[in-house]
Amino acid sequence: IFAKDLLKLKIFFYVFKRLISLFEPELYSYFNSNSVDVHFFMPPWFITLFLSARQNNKQKEPPVVLLRILDSFLISGWKSLMKVGINALHSYEGELMKLKYEDMLQFLINDLLKFDFFHTSNLNNIERCFVETKIKKRLIKNIENEFIQDAKLNENKNKNN
């Protein structure tokens with residue numbers, strides 16, 4: 001993830017952005033109209049594997065949901081985190097679409113991780129998101145290839161200028 005100019009991280013962010021456009025197109029458009037980019041909120045979500053939600057859990061319960069997310073990550077890789085991210089956005093889409101830039105960023109970076117999405121009471125919904133959210137490996141690979149092609153085109157343009 002962190003090697004060679006953060007290329008894998010850039011690809012991951014690009015893939016997630018494209019998945020939002022496919023799975024949550026209205027929210028994606030709303031993000032664009034408010035100049036909110038995934039780079040603003042994805043690091044605290046994905047680099048910490050959503051574990052930053054644990055510090056916000058005021059209850060004394062074990063982090064069952066976070067352990068399930070981590071298990072899924074170890075079994076299925078980054079795709080499982082993308083499913084959780086898409087479902088978290090879907091769960092709070094109505095609230096997000098009422099917010100403007102600063103409030104939206106506050107919600108995405110801090111508040112969402114404090115809400116009940118990551119609490120044990122939501123374990124069934126998390127389990128369901130792993131099963132029902134269909135993100136195929138081939139789709140991810142195609143989006144990754146799209147990113148690489150775009151990067152090559154931009155590199156060639158920069159060389160010619």
Side-chain angles (χ1 to χ4, degrees), residues 1-56 65-66 68-70 72-74 76-119 122 125-126 128-130 132-155 157-158:
I1 290 288
F2 299 107
K4 284 192 174 185
D5 298 327
L6 303 173
L7 180 61
K8 289 283 187 184
L9 188 63
K10 291 174 185 175
I11 291 171
F12 183 76
F13 285 3
Y14 182 83
V15 168
F16 190 71
K17 184 176 185 174
R18 290 282 285 120
L19 290 174
I20 295 170
S21 75
L22 295 171
F23 286 87
E24 299 295 329
E26 289 179 28
L27 185 59
Y28 178 78
S29 293
Y30 193 71
F31 282 170
N32 284 338
S33 67
N34 283 279
S35 302
V36 171
D37 194 87
V38 297
H39 296 86
F40 299 158
F41 62 89
M42 282 186 65
W45 288 17
F46 294 102
I47 292 175
T48 66
L49 308 177
F50 292 103
L51 291 174
S52 53
R54 175 65 179 138
Q55 71 188 15
N56 296 315
V65 169
L66 295 174
R68 178 60 184 99
I69 292 170
L70 186 58
S72 183
F73 171 71
L74 293 173
S76 302
W78 292 103
K79 182 171 81 166
S80 62
L81 296 182
M82 292 183 194
K83 288 181 177 186
V84 172
I86 293 292
N87 280 279
L89 290 173
H90 178 75
S91 294
Y92 297 103
E93 179 177 12
E95 186 160 343
L96 284 164
M97 292 185 69
K98 295 175 188 171
L99 302 173
K100 295 297 176 201
Y101 181 81
E102 292 87 8
D103 294 328
M104 193 180 321
L105 288 180
Q106 170 67 30
F107 184 90
L108 290 165
I109 295 169
N110 297 312
D111 297 343
L112 185 130
L113 297 175
K114 296 176 186 174
F115 288 152
D116 62 350
F117 186 81
F118 295 97
H119 288 190
N122 199 36
N125 291 334
I126 295 291
R128 195 174 318 115
C129 96
F130 291 131
E132 293 178 0
T133 305
K134 304 294 184 198
I135 300 175
K136 304 221 182 265
K137 288 181 183 180
R138 183 163 195 87
L139 173 62
I140 292 174
K141 192 66 178 162
N142 288 341
I143 296 171
E144 288 174 351
N145 289 336
E146 180 183 297
F147 175 87
I148 292 166
Q149 292 288 17
D150 286 349
K152 286 179 183 177
L153 285 173
N154 287 334
E155 186 178 315
K157 283 182 186 177
N158 290 337

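Just so it is clear, the values below take in all heavy atoms, side chains as well, and ignore hydrogens, waters and symmetry mates. Quick note: residue numbers are just sequence positions, from 1.
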For the backbone of [Y] and the side chain of [X], can you confirm whether one donor and one acceptor N or O come within less than 3.5 Å of each other?
{"X": "T133", "Y": "F130", "answer": "no"}
{"X": "S91", "Y": "N87", "answer": "yes"}
{"X": "Y30", "Y": "L99", "answer": "yes"}

Point to revise | CA sep, side-chain torsions, deciding dist, call: L108, V36, side chain to side chain contact (heavy atoms under 4.5 Å, CB included) | key: CA-CA 10 Å; L108 290 165; V36 171; 4.1 Å; yes

Side chains of [X] and [Y]: does their closest heavy-atom pair fall under 4.5 Å?
{"X": "I11", "Y": "I143", "result": "no"}
{"X": "V84", "Y": "C129", "result": "yes"}
{"X": "R18", "Y": "S21", "result": "yes"}
{"X": "L139", "Y": "L19", "result": "yes"}
{"X": "K79", "Y": "F73", "result": "no"}

Please report the interatomic distance [atom1]([X]) to [atom2]([Y]), rounded to the nearest 0.5 Å.
{"X": "K100", "Y": "S35", "atom1": "NZ", "atom2": "OG", "value": "11.5 Å"}
{"X": "E26", "Y": "L96", "atom1": "CD", "atom2": "CG", "value": "13.0 Å"}
{"X": "L81", "Y": "S76", "atom1": "CG", "atom2": "OG", "value": "9.5 Å"}
{"X": "N145", "Y": "I140", "atom1": "CG", "atom2": "CD1", "value": "12.0 Å"}
{"X": "F147", "Y": "K152", "atom1": "CZ", "atom2": "NZ", "value": "12.0 Å"}
{"X": "Y92", "Y": "K98", "atom1": "OH", "atom2": "NZ", "value": "13.5 Å"}

Check your understanding: Stepwise, does the side chain to side chain contact (heavy atoms under 4.5 Å, CB included) test hold for Q149 with E146?
Key -> CA-CA 5 Å; Q149 292 288 17; E146 180 183 297; 5.8 Å; no

Practice item. Can you spot which of F16, F40, F107, F41 makes a ring pair (Phe, Tyr, Trp, His ring centres under 6.0 Å) with F31? Key: F41

Review point. Got a sec, which pairs hit salt bridge (Lys or Arg N to Asp or Glu O under 4.0 Å) with one end in residues 27-39, sequence neighbours left out?
Key: K17-D37

Check your understanding: Which is it for E144 and Y14 under the side-chain hydrogen bond (donor to acceptor under 3.5 Å, both in side chains) test, yes or no, and what are the steps along the way?
Key -> CA-CA 8 Å; E144 288 174 351; Y14 182 83; over 6 Å; no

Review point. If every non-hydrogen atom of S80 is compared with every non-hydrogen atom of G77, which pair is closest and at what distance?
Key: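 It is OG-O, 2.7 Å.
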
Study note, to complete from the structure: Shortest non-hydrogen pair, Y101 vs N34, comes out as CD1-O, 3.0 Å

